[in-house]
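For reference, the structure is listed below as structure tokens.
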Amino acid sequence: MKASQFYISTLKEPPVDAEIISHQLMIRGGLIKKLSSGLYSWMPIGLKVLKKIEKIIREEMNKAGAIELLMPAIQPAELWEETGRWNKFGPQMLKIKDRHERSFCFGPTHEEVITDIVRNEISSYKQLPINLYQIQTKFRDEIRPRFGVMRAREFLMKDAYSFHANQDCLSKTYEIMFETYSNIFERIGLKYRAVSADSGAIGGDASHEFHVLAESGEDAIAFSSGSNYAANIELATTNFANKISKIEKLKTDKVKTENLKTIDELIKFFSCNADDIVKAVVLKDMEKNLYVIFLSGEREVNQIKAQKIIGVEELFLAHDEDLKNTELVPGFIGPDLKSQSIQKFFDHSLQDKINFICGANEKDFHLKNANLADDVVFDDLSYVKEGDPSPDGKGTLSICRGIEVGHIFQLGKKYSNAMNAKFLNENGTSEILTMGCYGIGVSRIVASAIEQNHDENGMIFPKNIAPFEVVIIPIGFLKSDTVKKTSLDLYEKLVTSGIDVLLDDRDMRPGVMFAESDLIGIPYRIVIGQKSLETNQVEFKIRGESEAKNIDLSNLIEELQNILMKSSN
RNA sequence: CGGGGCGUAGCGCAGUCUGGUAGCGCACUUGUAUGGGGUGCAAGGGGUCGUGAGUUCGAAUCUCACCGUUCCGACCA
């Protein structure tokens with residue numbers, strides 16, 4: 001590509017509304033342009049990156065035996081009513097009406113549509129298993145779109161859906177998809193980690209997320225130092241091995257603690273540690289039933305775990321007014337509650353706790369040297385913390401931040417049941433299909449790659465997804481015939497060798513060309529100037545490295561090919 | 001959903017308090033010099049000041065409403 005015939009448009013100043021580096025650089029480099037909140041145009045340079053990612057995904061998916069199709073972005077409400085998700089999906093779903101007042105949505109995902117296709121198309125076990133995928137635009141009306149294409153409302157997703165005669169077959173495909181995803185992120189050139197995950201709104205049984213590791217990630221993931229245990233923080237567990245305490249139980253005292261409500265205030269007052277305190281968190285469900293969760297003072301309640309254990313769909317933090325006319329005194333709640341109408345739960349962080357401090361269920365009083373009754377049942381209701389033992393007993397947990405770029409699920413029969421998607425087995429009897437689904441956030445990968453690879457001059461794209469592999473920068477393109485001829489000649493040769501090269505033939509000042517090629521993250525740069533040409537050499541520089549070196553023109557193509565071939569299968 | 005900020009040229013902003021001919025930097029156009037890290041000089045083009053109502057002789061500026069956009073907020077027991 002010649003720069004004079006392409007479209008490069010960069011900015012010196014970062015836009016004010018871009019908080020994270022990838023968003024700033026994508027705007028500055030002219031990869032994307034905002035149209036409206038959470039809606040972005042992909043400008044030519046950005047689209048090139050996107051297409052390269054798509055290509056890798058397609059190749060790996062096809063290699064894994066998946067078959068590409070394309071479903072409509074707009075979907076009729078009837079399908080969603082069959083699975084009950086028309087209402088359940090909530091305001092995230094963009095609902096629209098056509099001229100006949102029929103309801104549709106802009107697809108936030110495609111389980112319903114694919115299941116509808118398959119229930120009509122697949123009738124025999126002989127057609128199974130089948131794994132169908134598409135790369136397509138989705139829309140989810142996020143409450144707060146932010147970080148550019150990282151959390152946009154409209155985004156590009158690869159979604160695959162597999163159908164099976166039984167769970168065993170699903171497990172095999174799931175394994176293959178796990179491998180395939182690993183290969184994809186490997187080839188794109190990202191530092192990533194696969195973790196066990198909560199299956200969330202999509203539902204189903206087993207699931208794994210693939211996270212790109214980055215400080216700016218919106219998710220926290222926990223992984224073990226001594227084993228390959230890794231899980232999303234929402235799901236991560238630890239084990240509190242039963243330490244047999246030799247400490248004698250003391251007599252409980254009631255202590256006046258006027259207006260001391262927070263853990264920090266209590267730590268100061270008792271000069272103790274947070275884990276000497278048992279704190280109480282009150283949750284409520286949709287029907288305003290109250291649940292009190294007791295846990296160690298340094299821990300936080302994991303509402304997702306609580307929802308599962310309590311068995312309610314959604315829990316909210318209770319406010320002080322919800323506690324009126326109950327035995328619960330905000331700031332002074334303790335385990336010794338009389339009322340039977342309030343359900344109590346105890347986090348497993350309390351299972352060895354003795355002689356602790358807790359609320360006295362009376363305004364302005366706490367108990368010291370309190371102990372739990374012997375028959376208390378403990379549940380896992382809290383988030384793990386850095387340094388907690390790994391649940392498999394090997395090593396301790398570390399926590400880092402990640403950006404979720406892939407998610408695979410074993411859905412089982414959730415959707416096929418709801419939509420009556422059946423096949424005939426070997427005995428000629430009708431059975432419900434078993435299903436899996438596998439998503440990759442294609443547009444989000446662009447942003448996460450930049451989060452992971454950038455410096456003060458701009459983006460540093462991994463070579464397999466860079467907008468161009470090589471840039472040729474001639475100095476004095478119009479002044480010197482030798483420079484011009486050499487540049488054009490080299491450009492033609494690189495194009496012929498199948499290298500994705502940009503020739504900056506705009507005759508700009510060198511500084512501008514350097515700054516722009518650095519900003520958009522082209523990994524390899526060749527500078528052609530009159531001086532070095534006298535010894536038949538050109539300058540070669542790898543983006544992100546400080547030193548350039550001179551290379552003989554005659555060896556250049558071979559050397560470039562070697563570099564580009566390395567680790568790009 | 002609650003609270004705050006901001007809407008003036010493609011981008012970043014000043015001007016608003018105290019009403020009186022709409023400005024600056026970047027980008028763009030032309031000329032000129034320059035030519036290895038966003039170059040200098042000169043001359044230009046581009047704006048219904050988010051929308052609508054109101055106050056006023058006169059509104060970017062004051063009032064009200066609306067729209068857009070952005071940030072923050074659900075571990076306090």
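Chain letters run A, B, ... following the sequence lines, proteins first, then strands; residues in each count from 1.
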Could you check how far [atom1] of [X] sits from [atom2] of [N], rounded to whole Å?
{"X": "A:Lys284", "N": "B:C75", "atom1": "NZ", "atom2": "C1'", "result": "15 Å"}
{"X": "A:Met43", "N": "B:C11", "atom1": "CE", "atom2": "P", "result": "13 Å"}
{"X": "A:Tyr7", "N": "B:C28", "atom1": "OH", "atom2": "P", "result": "11 Å"}
{"X": "A:Ile143", "N": "B:G2", "atom1": "CD1", "atom2": "P", "result": "13 Å"}
{"X": "A:Ile8", "N": "B:G10", "atom1": "CD1", "atom2": "P", "result": "23 Å"}
{"X": "A:Ile27", "N": "B:C11", "atom1": "CD1", "atom2": "P", "result": "11 Å"}
{"X": "A:Glu13", "N": "B:G12", "atom1": "CD", "atom2": "C1'", "result": "4 Å"}
{"X": "A:Phe147", "N": "B:U69", "atom1": "CZ", "atom2": "P", "result": "18 Å"}

Base, sugar-phosphate, or nothing for [X], non-hydrogen atoms under 4.0 angstrom?
{"X": "A:Ile263", "answer": "sugar-phosphate"}
{"X": "A:Gly529", "answer": "base"}
{"X": "A:Asn361", "answer": "nothing"}
{"X": "A:Lys34", "answer": "sugar-phosphate"}
{"X": "A:Lys479", "answer": "base"}
{"X": "A:Glu19", "answer": "sugar-phosphate"}
{"X": "A:Val292", "answer": "nothing"}
{"X": "A:Ile475", "answer": "base"}

Are OP1 or OP2 of [N] and a side-chain N or O of [X] less than 4.0 angstrom apart?
{"X": "A:Lys12", "N": "B:A27", "value": "yes"}
{"X": "A:Ser37", "N": "B:G68", "value": "no"}
{"X": "A:Ser36", "N": "B:U69", "value": "yes"}

More than 12 non-hydrogen atoms from neighbouring residues, nucleotides or ligands closer than 6.0 Å to NZ on A:Lys268, yes or no?
no
No-H, no-angle donor-acceptor pair, [X] side chain to [N] base, under 3.5 Å:
{"X": "A:Arg509", "N": "B:U34", "value": "yes"}
{"X": "A:Arg525", "N": "B:G37", "value": "yes"}
{"X": "A:Asp518", "N": "B:G37", "value": "yes"}

Nearest-nucleotide 5' precedence on RNA chain B, A:Asp507 against A:Arg28
A:Asp507
A:Glu300 or A:Glu539, whichever maps to the more 5' nucleotide of RNA chain B
A:Glu539
Picking from A:Asn453, A:Asp455, A:Asn457, what satisfies side-chain hydrogen bond (donor to acceptor under 3.5 Å, both in side chains) with A:Arg543?
A:Asp455
Taking any strand in view, what nucleotide pairs with [N] in a Watson-Crick or G-U wobble way, both distances under 3.5 Å?
{"N": "B:A42", "answer": "B:U30"}
{"N": "B:A9", "answer": "none"}
{"N": "B:U63", "answer": "B:A53"}
{"N": "B:U48", "answer": "none"}
{"N": "B:A14", "answer": "none"}
{"N": "B:G58", "answer": "none"}

Using the C1' atom as the reference point in each nucleotide, state the distance between B:C6 and B:G46 in Å, no decimals.
24 Å
Work out how far the P atom of B:U61 is from that of B:A22, and round it to whole angstrom.
13 Å
Classify the ring geometry between A:Phe346 and A:Phe378 as parallel (under 30°), tilted (30 to 60°) or perpendicular (over 60°).
perpendicular
What closest approach, in Å, do A:Lys385 and A:Ile399 show between heavy atoms, and which atom pair accounts for it?
C-CD1, 3.8 Å
Please determine, for the side chain of [X], which listed nucleotide ([options]) has the closest atom?
{"X": "A:Ala280", "options": "B:G38, B:C75, B:A77", "value": "B:A77"}
{"X": "A:Val301", "options": "B:A77, B:G38, B:C75", "value": "B:C75"}
{"X": "A:Glu516", "options": "B:C75, B:G38, B:G37", "value": "B:G38"}

Quick check, are the ring centers of A:Phe356 and A:Phe294 under 6.0 angstrom apart?
no
Is the cationic atom of A:Arg525 (NZ for Lys, CZ for Arg) positioned less than 6.0 Å from the six-membered ring centroid of A:Phe514 and within 45 degrees of its normal?
yes
Ring-face cation contact, A:Tyr524 with A:Lys463, 6.0 Å cut, 45° max
no
